Amino acid sequence: MSEELKKEERSLNFLEEIIEDDLKSGKYKSIVTRFPPEPNGYLHIGHATSICLNFGLTKKYGGYTNLRFDDTNPTTEDTEYVESIKDDVRWLGFEWKNELYASDYFDQLYGFAIQLINKGLAYVDDSTSEEIATLKGTPTEPGKNSPYRNRSIEENLDLFQRMRNGEFADGSRTLRAKIDMAHTNMLMRDPIMYRIKHAHHHRTGDKWCIYPMYDFAHGQSDAIEEVTHSICTLEFVPHRELYDWFIEQLGIYPSHQYEFARRNLTYTVMSKRKLLQLVNEKHVNGWDDPRMPTISGMRRRGYTASALREFCDRVGIAKRENSVDLGLVEFFVREDLNKTALRRMVVFDPLKVVITNYNGGDAGEEILHSENNPEDPAGGEREVPFSNELYIEREDFMENPPKKYFRLAPGQMVRLKSAYIIRCDEVIKDADGHVTELRCSYIPESKSGADTSGINVKGTLHWVSVKHAVTAELRLYDRLFRVEDPSSEEGDFKEYINPDSLTLVKAAYMEPAMRNAVFGEAYQFIRKGYFVLDKDSSTSGMVFNRTVGLKDGWKAK
RNA sequence: UGACCCAUGGUGUAAUGGUAACACUACUGAUUUUGGUUCAGUCAUUUAAGGUUCGAAUCCUUAUGGGUCAACCA
């Protein structure tokens with residue numbers, strides 16, 4: 001274990017290397033990072049990677065992480081999202097030092113803009129957005145200067161003031177940085193700093209009618225907060241040149257931007273736009289639908305915060321495009337749940353078994369005991385009632401079994417988990433030939449924990465006593481899409497939605513201990529999978545979500 | 001026909017000029033009152049071509065492939 005840890009410490013990701021160098025050279029004594037979501041959607045597992053990275057780095061190297069909402073576009077942002085984001089970060093197990101908003105800096109940002117106008121590095125442009133686009137050129141052709149580019153400082157100051165005062169209509173003017181219209185980096189071709197939007201902002205209300213663009217807000221916000229390492233995804237690489245330019249021209253704290261590759265997952269989509277479509281067009285039941293790759297969806301599904309953190313840490317980060325197998329997330333979820341989930345017996349698709357030679361004394365039944373978790377000796381046991389009428393899983397019986405079928409078949413024996421060994425004596429069918437019931441006999445000396453029968457059976461089945469059974473609805477989830485990367489397929493990504501992403505079991509039969517099921521507790525339905533109680537449960541009925549199935553090593557032919 | 005970023009098993013990530021490794025997956029086998037877990041093992045990797053070097057996944061050059069950039073989004 002210690003060797004393993006040492007090895008892990010030795011192999012740093014590229015950001016850790018940069019930070020260790022910075023710390024060693026004395027560039028910083030401690031570091032500051034930030035997690036900067038835009039409050040216009042729910043967080044997904046890609047954000048979880050960023051959260052674990054940013055918070056993990058300051059935890060490891062000393063320093064702190066701010067939660068900063070990048071709320072510079074009032075038309076798409078909302079407080080509903082602010083709350084969900086805070087919830088998700090907390091649930092993942094991280095604490096931010098300061099809760100901040102880019103909108104907190106609107107006054108300072110306005111001052112920075114004036115500073116640049118005064119230096120002759122920004123101007124008000126009256127061009128329409130089409131004109132700006134035309135003059136911008138293309139990646140292979142240089143752009144051309146705007147006719148408004150050479151206004152005097154005084155005129156720019158006056159115009160910008162009047163933009164702020166609300167004298168102009170939306171879209172009629174912008175403030176642009178004066179850099180180089182022929183620059184090979186399109187972002188350096190006089191980028192827009194401010195645009196006019198007469199819109200209500202979720203925090204500043206109607207105070208402003210001009211709002212800064214991302215590029216004129218993000219780096220400056222980092223600088224104001226003295227963020228040492230500003231970590232973002234690869235698509236911002238070309239922005240770094242502009243990020244540095246503004247900081248240099250303004251002479252403010254030199255934060256630095258570093259980029260890593262965003263985390264992609266197979267069989268799902270990750271863009272907020274697409275997720276929003278799934279929600280709005282009702283392909284899923286809200287942002288927290290357990291099939292969604294959102295943090296709230298995965299939480300509702302039963303994924304644990306520690307499994308997600310472990311996933312993020314052990315998958316690591318780098319700078320190349322990637323697509324992580326959904327199966328890897330499931331591995332970490334199972335690894336975690338195996339250690340903690342309470343074992344219970346639940347029959348999804350019942351087949352009645354009558355034990356013909358069992359009378360169970362006066363009561364006709366007996367109470368057996370079964371461990372809550374074989375991985376956890378301290379986990380205790382619970383009581384499980386046994387009687388002469390049981391349900392087993394229909395798929396655990398075959399009339400004409402293949403070679404290595406360890407389950408029940410005519411004349412074949414199996415153990416009932418924590419109970420007795422039984423033998424199938426007779427198969428009862430209805431008029432159509434469908435199996436409706438099995439007549440079995442039990443071996444009295446084979447009682448679990450006191451087996452003197454000497455009989456060895458290969459198979460062990462889960463079961464539920466018919467008269468003690470409790471019913472509940474089960475929701476079985478599968479991958480949301482049929483293809484690995486729906487976004488790269490022909491046509492609309494929604495055509496590739498998996499029609500079987502949700503399967504309902506209207507009435508599963510559960511052992512009576514499930515009456516005490518509580519929210520947030522993980523259960524392993526033996527031989528079936530991990531489940532959690534869903535919020536749709538009510539006094540009239542319990543609903544369970546399948547978090548993930550058990551790994552299944554047996555392949556029926 | 002531009003600029004920038006990237007290229008290691010099926011997947012993800014290491015190796016920082018000196019024996020290509022770890023995890024997942026797949027497959028074998030052992031254990032097992034969950035066909036789960038656990039344990040042991042097997043298969044499988046440096047995009048290509050040149051160059052530098054005693055020695056290259058690593059440094060250089062070129063090619064190839066992938067990605068990003070022409071929003072008053074972030």
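Since the model is a prediction, treat every value here as computed from it, not as a measurement. Just so it is clear: chains get the letters A, B, ... in the order the sequence lines come, proteins before strands, and each one is counted from 1. Basis for what follows: all heavy atoms, side chains included, without hydrogens, waters or symmetry-related copies.
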Student: Measuring only the C1' atom in each nucleotide, how far is G66(B) from U52(B)? A whole number of Å is fine.
Tutor: 28 Å
Student: Determine the interatomic distance between C1' on C4(B) and the same-named atom on G55(B); round to the nearest Å.
Tutor: 33 Å
Student: Could you state the CG-C1' distance from Asp485(A) to G67(B), rounded to the nearest angstrom?
Tutor: 13 Å
Student: A cation-pi test, strictly: NZ or CZ of Arg164(A) under 6.0 Å from the centre of the six-membered ring of Tyr110(A) and no more than 45 degrees from its axis. Yes or no?
Tutor: yes
Student: Quick one: side chain to side chain contact (heavy atoms under 4.5 Å, CB included) partners of Val414(A), sequence neighbours excluded?
Tutor: Leu408(A), Ile422(A), Leu461(A)
Student: I'd like to check the side chain to side chain contact (heavy atoms under 4.5 Å, CB included) partners of Arg482(A); sequence neighbours left out, ordered by chain and number.
Tutor: Tyr496(A), Asn498(A), Pro499(A)
Student: List for me each residue that meets side chain to side chain donor-acceptor pair (under 3.5 Å) alongside Thr184(A), sequence neighbours excluded, and say none if there are none.
Tutor: none
Student: Protein within reach of the bases, or only the backbone? For nucleotides 29-41 of chain B, mark each nucleotide 5' to 3' as B, S or -, using heavy atoms under 4.0 Å.
Tutor: ----BBBBS----
Student: Separation of Asn264(A) atom CG from C6(B) atom C1', in whole Å?
Tutor: 14 Å
Student: Mind calculating the distance between CZ (Phe332(A)) and P (C24(B)) to the nearest angstrom?
Tutor: 8 Å
Student: Rounded to whole Å, please give me the gap between CD in Glu321(A) and P in C4(B).
Tutor: 18 Å
Student: To the nearest Å, give me how far apart CZ (Phe311(A)) and C1' (U13(B)) are.
Tutor: 12 Å
Student: Taking atom P of G2(B) as reference, at what distance in whole Å does atom CZ of Arg189(A) sit?
Tutor: 14 Å
Student: Say we look at A56(B) and A20(B): how far apart would their P atoms be, to the nearest angstrom?
Tutor: 11 Å
Student: Rounding to the closest angstrom, what is the interatomic distance between U61(B) and G9(B) at atom C1'?
Tutor: 28 Å
Student: Does the protein touch nucleotides 69-74 of chain B at the base, only the backbone, or not at all? Give it as B, S and - per nucleotide, heavy atoms under 4.0 Å.
Tutor: SB-BSB
Student: Provide the distance between the two P atoms, one in G10(B) and one in G51(B), to the nearest whole Å.
Tutor: 28 Å
Student: Only counting residues at least two apart or in another chain, list the ones meeting salt bridge (charged side-chain N to carboxylate O under 4.0 Å, His left out) with Arg262(A).
Tutor: Glu235(A)
Student: Using the six-membered ring wherever Trp is involved, compare the ring planes of His218(A) and Tyr243(A) and label them parallel, tilted or perpendicular (cut-offs 30° and 60°).
Tutor: tilted
Student: Looking only at atom C1', what distance separates G41(B) and U34(B), rounded to whole Å?
Tutor: 24 Å
Student: For C72(B) versus A48(B), give the span between their C1' atoms, rounded off to a whole number of Å.
Tutor: 45 Å
Student: Kindly compute the distance separating CH2 (Trp287(A)) from OH (Tyr42(A)), expressed to the nearest 0.5 Å.
Tutor: 8.0 Å
Student: Using Watson-Crick or G-U wobble pairs with both distances under 3.5 Å, give me RNA chain B in dot-bracket, 5' to 3', with [ ] for crossers and | for pairs to another strand.
Tutor: .((((((..((((....[..)))).(((((.......)))))....(((((..]....))))))))))).....
Student: Applying side chain to side chain donor-acceptor pair (under 3.5 Å), can you list everything that pairs with Gln220(A), at least two apart in sequence or on another chain?
Tutor: none
Student: Just how far, in rounded Å, is P of U25(B) from CG of Leu328(A)?
Tutor: 8 Å
Student: I'd like to check the salt bridge (charged side-chain N to carboxylate O under 4.0 Å, His left out) partners of Asp190(A); sequence neighbours left out, ordered by chain and number.
Tutor: Arg149(A)
Student: Just to verify, what does Glu335(A) make a salt bridge (charged side-chain N to carboxylate O under 4.0 Å, His left out) with, not counting sequence neighbours?
Tutor: Arg314(A)
Student: Taking the P atom of each, how far is G17(B) from C59(B), in whole Å?
Tutor: 9 Å
Student: Nearest whole angstrom, please: distance from the P of A3(B) to the CD of Glu141(A).
Tutor: 15 Å
Student: Of all residues at least two apart in sequence or in a different chain, which pass the side chain to side chain contact (heavy atoms under 4.5 Å, CB included) check with Glu381(A)?
Tutor: His369(A)
Student: Keeping to residues at least two apart or across chains, list the salt bridge (Lys or Arg N to Asp or Glu O under 4.0 Å) pairs with something in residues 176-189 of chain A.
Tutor: Asp125(A)-Arg176(A)
